[in-house]
Amino acid sequence: MFSFSEIVGHEQIKEHMQAAIRDKKPFHAYLFQGEEGVGKEALARTFAAGLQCQSESADKPCKECVSCRQMESGNQPDVIWVTREKASLGVDEIREQLCNTMDIKPFSSPYKIYLVPEAEKMTEAAQNALLKTIEEPEYGIVILMTSNISALLPTIQSRCLTMEFRPLSTAVVESYVKEHCQVPDYQARASAAFAQGNLGKAMRYAKSEDFIERKDHIISLLRHVEQMDLSEMLAVIKDLGTRKDEVRDYIDLMVLWYRDVLLFKATKDINQLLFQDEASYISREASHRSYEKIEEILQAFEKAKVRLRANVNFDITMELMLLTLK
């Protein structure tokens, strides 16, 4: 569990949370919006701990009181993580874990706090069941976390206070990675650059012993896409691994490379490229591709990530994406 001072960035959001803790006036429902790895869960956990903290100190969470120690061990009885067993979060799970217990008085704390990660996975029926519960609960606070706010009903969105988690600066991410990951400067720099302001992603890159090597494999695929057939391209992806978080990272690298292609096509300015050492290949790709085709490729990458999240067959997902590249 972090204190607010230990969490990098998101200063306005932290200020709001600390004021809500200090004044004992939290909103009844929050919507934390931002991509995976940007820090939503860390701040949700810290906010919940601060609201329940028993210390008289102004600096909450204190990490020392009974409630904070329970939070640290995952046993705070009035902070409930809503979980799901399937790809979606259904109405029965929402009712059982949240709606049916909201009115029960907190066991030992001022609030009952419900944390819902990946809230976009709620079915429409589950969201409708949640509507009345988050109106004005006496004790309850609901924190919905999502990387896809458009998947939530407008009626859900209108009842929540939305906190927008934006990417951090590359310099801030690089500094944090250097301090906490004990990696060479060039690896911290590369991890920060390719993470595009996403601290969680940068940490994952930095901790990966073969991130640089795998990045080079992906770039090699993009360089030689015209000479490779579909089976060869698929073999490269599968050789790198089929874990969803890793594959999404590879797709993100492809997105950044093709964004450079699009940028160079529009500006012819090498200095603006993220992959400056790939300038000759990016220039060639920009000359071969129309604006429409580049946009189609970028959309194919996003569709592939959506399909991976929805548990669509891996081979089919990758083949559809790579076909667009061809």
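No hydrogens, no waters, no symmetry mates; every other heavy atom, side chains included, goes into these values.
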Indicate the ring-plane relationship of F32 and F165, choosing parallel, tilted or perpendicular according to the 30° and 60° boundaries.
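Because their plane-to-plane angle lies in the 30° to 60° range, the rings of F32 and F165 count as tilted.
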
F27 and Y30 aromatic ring geometry - parallel, tilted or perpendicular at 30°/60° bounds:
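Perpendicular, since the angle between the ring planes exceeds 60°.
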
Side-chain heavy-atom pair T123, N128 within 4.5 angstrom cut-off
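A side-chain contact under 4.5 Å is absent here.
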
Please tell me if the side chains of M321 and M254 come closer than 4.5 Å, counting only heavy atoms from C-beta onward.
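Yes, close enough: below the 4.5 Å cut-off.
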
Are V91 and I94 close enough, and set up right, to give a side chain to side chain contact (heavy atoms under 4.5 Å, CB included), and what steps lead you there?
CA-CA 5 Å; V91 63; I94 279 291; 5.7 Å; no

Using 4.0 Å as the upper bound for N to carboxylate O, is an ion pair formed by [Y] and [X]?
{"X": "E120", "Y": "R309", "result": "no"}
{"X": "K293", "Y": "E296", "result": "yes"}
{"X": "K63", "Y": "E6", "result": "yes"}
{"X": "K86", "Y": "E93", "result": "no"}

Are side-chain N/O atoms of [X] and [Y] paired as donor and acceptor at under 3.5 Å?
{"X": "T146", "Y": "N148", "result": "no"}
{"X": "E285", "Y": "Y258", "result": "yes"}
{"X": "D59", "Y": "S57", "result": "no"}

With side chain to side chain contact (heavy atoms under 4.5 Å, CB included) as the criterion, how do N198 and D252 come out once you've worked through the C-alpha distance, each side chain's angles and the decisive distance to 0.1 Å?
CA-CA 12 Å; N198 186 314; D252 285 341; over 6 Å; no

What's the separation between atom CG in L273 and atom CD1 in I282, rounded to the nearest 0.5 Å?
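Spacing of CG (L273) from CD1 (I282) equals 5.0 Å.
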
Do Y281 and F264 make the cut of ring centroids closer than 6.0 angstrom?
no

May I have the step-by-step check of side chain to side chain contact (heavy atoms under 4.5 Å, CB included) for H28 and V142, ending in yes or no?
CA-CA 6 Å; H28 62 274; V142 177; over 6 Å; no

Please confirm whether the backbone N or O of Y111 pairs with a side-chain atom of Q52, one donor and one acceptor, at under 3.5 Å?
yes

